[in-house]
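Here the structure comes first, spelled out in structure tokens, and everything after it is commentary.
Throughout, a chain's letter reflects where its sequence line sits, starting with A, and its residues are numbered from 1.
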Protein chains: 2
Amino acid sequence: MTGTLDSPSIAERVRASMARFTTTERKAAHVLLAAYPVAGLETVAEFARRADVSAPTILRFVGRLGFASYPDFQKQLRTELDAQSKTPLAKTPERSSAMRDGGAFLNTFAAAVLDNISTTFANLPAAEFEAVVGLLAATRRRVFVVGGRFTDALAQYLSAHLRIVRPGVVHFDGQADNWRDQLLDVNRKDILLVFDIRRYQESLFSLAAKAEARGATVVLVTDQWLSPIARHAAHVLAARIAVPSNWDSSAAMLGLVEALVAATTDRLWDSASDRIAAVEELRRDG
Amino acid sequence: MTGTLDSPSIAERVRASMARFTTTERKAAHVLLAAYPVAGLETVAEFARRADVSAPTILRFVGRLGFASYPDFQKQLRTELDAQSKTPLAKTPERSSAMRDGGAFLNTFAAAVLDNISTTFANLPAAEFEAVVGLLAATRRRVFVVGGRFTDALAQYLSAHLRIVRPGVVHFDGQADNWRDQLLDVNRKDILLVFDIRRYQESLFSLAAKAEARGATVVLVTDQWLSPIARHAAHVLAARIAVPSNWDSSAAMLGLVEALVAATTDRLWDSASDRIAAVEELRRDG
DNA sequence: CCCTGCTCGTAACGTTTGTTACAGGGGCTT
DNA sequence: AAGCCCCTGTAACAAACGTTACGAGCAGGG
């Protein structure tokens, strides 16, 4: 029964024969890989429901993978699960055949991103982080958020979340010229949170300088080399952004933003939970 | 709240009630902990044989743990397996109080994000990734990008980069109503790249369905549970998004997007390098 | 336009599984 | 030393499961 010839892992086999599957079988394949390996450990009916296909399709899927029966398939899945004790990525360092440069590229890229994030969080001063959370949780103060060419997406992402847990969140979007008008609105008790990474933008610098001049508290989220805005910032949070690519990676910075949002939400939970419920209500009606 | 405040993990529960077990039940407990959680995912008969006890003893064992049936026990086991990526921090029992301490919170949060990313990349079908890169590198085709409430930031991020290396990139932003007008412009040779994560948005679904009906190639970037849009998508890329927070994390999804941008840039390098230089020129002048 | 191929879901089948009643057996109490 | 009780495995039951035959639906080719 248990032939001891070590076949490639099921996940690999699925990825390799992705092209051979029919449309619905491919759906099953995606569901399995997305919720690996739990989806395959469920019953056929549950797996089928999860993938929105019929039970026979699941069986044809595992049949095409070379298994004589669904229980056989599950047994193999459990065997792999038992053998694996490393992190999923480290587990697949070299996928030899049928995997072109795509696999290698993805692995090195992922490794760089992971390294960025762990380094970023490891070097993050907890006190500085806490201080920024404290500012974001001060609901009486308004928060203005702005980003650069690529980091503006992060500014938007932060605003979209923060807006739900507290009032007074403004995202400076659009042309830099428009910021000047909104800047008139900024005063002593306000907070300006700026994203700026290398190829630092002059427009952001002048904005931050003016906001500071008006008495606002400036928070800077930047890369490890620190934007010149750091001179005008009360708090600085730095993230790693280098990856083997022509572009920089904002993944670590996004992780940082999400940590800020999570911590702020937690601190404001009493009032935030009501706001979230209210927002959901509005979304349902609208 | 944090979603992890359910009942304690099964492994913990087993260790806690170890004293209450009878002799043979304790045998089952040790076997389960030694081969956790695989032993519990097998059939009752196999579990019994492994522990060298009878099947009813296994049933009495899970009954004493508080489960109404063996399938219930297995379902809980799978849920835990899916939630925590198993090995790394499974031993830290009390994560609930971690929110208090800033440093500990950052560590657990970072660990979750890291795990999401490594799992996402490990389970990513290289062929599917390559196919999407191929689409994005087809400069004659136009690319329409759209996202949901929170993922729209990712759509914007992708657009901002893609727009530099190739022409014909359109970001559907603003109100969903406005999309309809721009949809008229979509035809057979176009590509629609949709971001949609849980609390899947109906507006995105109908947009994707209509785009597919018009003959466009739909690419979906979603979470591990797969948006219903998968039904209309030619290619699906799934990322992990769960973190110990009230919110989901898009960090893994951003890493995925950046990998797409990097690979596409690389493939288009001959033409892209000229474009990038030209864009830089414009920025310097402007 | 009809035909042929393949794909997919419905429904019924047979098997395995989880479950439970019951009786044998070992250990502690009296 | 005998009796009682709590375990524990054997065996029969019922439920759920995996499996398979069949036909509808659809796309490509003649």
Among the candidates C:dG18, C:dC8, D:dT8, find the nucleotide nearest to the side-chain atoms of A:Thr22. C:dC8

Please report the distance, rounded to the nearest Å, between CZ in B:Arg26 and P in D:dC7. 11 Å

Counting only side-chain N and O atoms of B:Thr43, is one of them less than 4.0 Å from OP1 or OP2 of C:dT16? no

Per B:Thr24 side chain, nearest of listed nucleotides C:dG9, D:dG18, D:dT8: D:dT8

B:Glu46 bridged to A:Arg78 by N-O distance under 4.0 Å: yes

I need the minimum non-hydrogen distance between A:Ala29 and A:Met18, along with the two atoms involved. CB-SD, 3.9 Å

Specify the separation, in whole Å, of atom CG of B:Leu59 and atom C1' of D:dG9. 13 Å

Send over the distance from B:Phe47 CZ to C:dT16 P, rounded to a whole Å. 23 Å

B:Lys75 has an atom NZ; how far is it from atom C1' of D:dA16, in whole Å? 12 Å

Integer-rounded Å distance: C:dC6 P and A:Glu25 CD: 14 Å

If you round to the nearest 0.5 Å, how far is CG of B:Asp82 from CH2 of B:Trp225? 7.0 Å

Taking atom NE2 of B:His171 and atom CG of B:Leu162, what is their separation to the nearest 0.5 Å? 12.0 Å

Once you round it to whole Å, what is the distance between P of D:dT8 and CZ of B:Phe61? 13 Å

Could you state the NZ-P distance from A:Lys27 to C:dC8, rounded to the nearest angstrom? 9 Å

Taking the nucleotide of DNA chain C with the nearest heavy atom to each, does A:Ala55 or B:Pro56 sit closer to the 5' end? A:Ala55

Would you say A:Ser69 reaches D:dT19's phosphate, i.e. side-chain N/O to OP1/OP2 under 4.0 Å? yes

Heavy-atom nearest nucleotide on DNA chain D for A:Ala45 versus A:Arg60: which residue maps closer to 5'? A:Ala45

With ring centroids as reference points, do B:Tyr200 and B:Phe205 lie under 6.0 angstrom apart? no

Between CG of B:Asp72 and P of D:dA16 the distance, given in whole Å, is 12 Å

Kindly point out which of D:dT19, D:dG9, C:dG9 is positioned nearest to the side chain of A:Val53? C:dG9

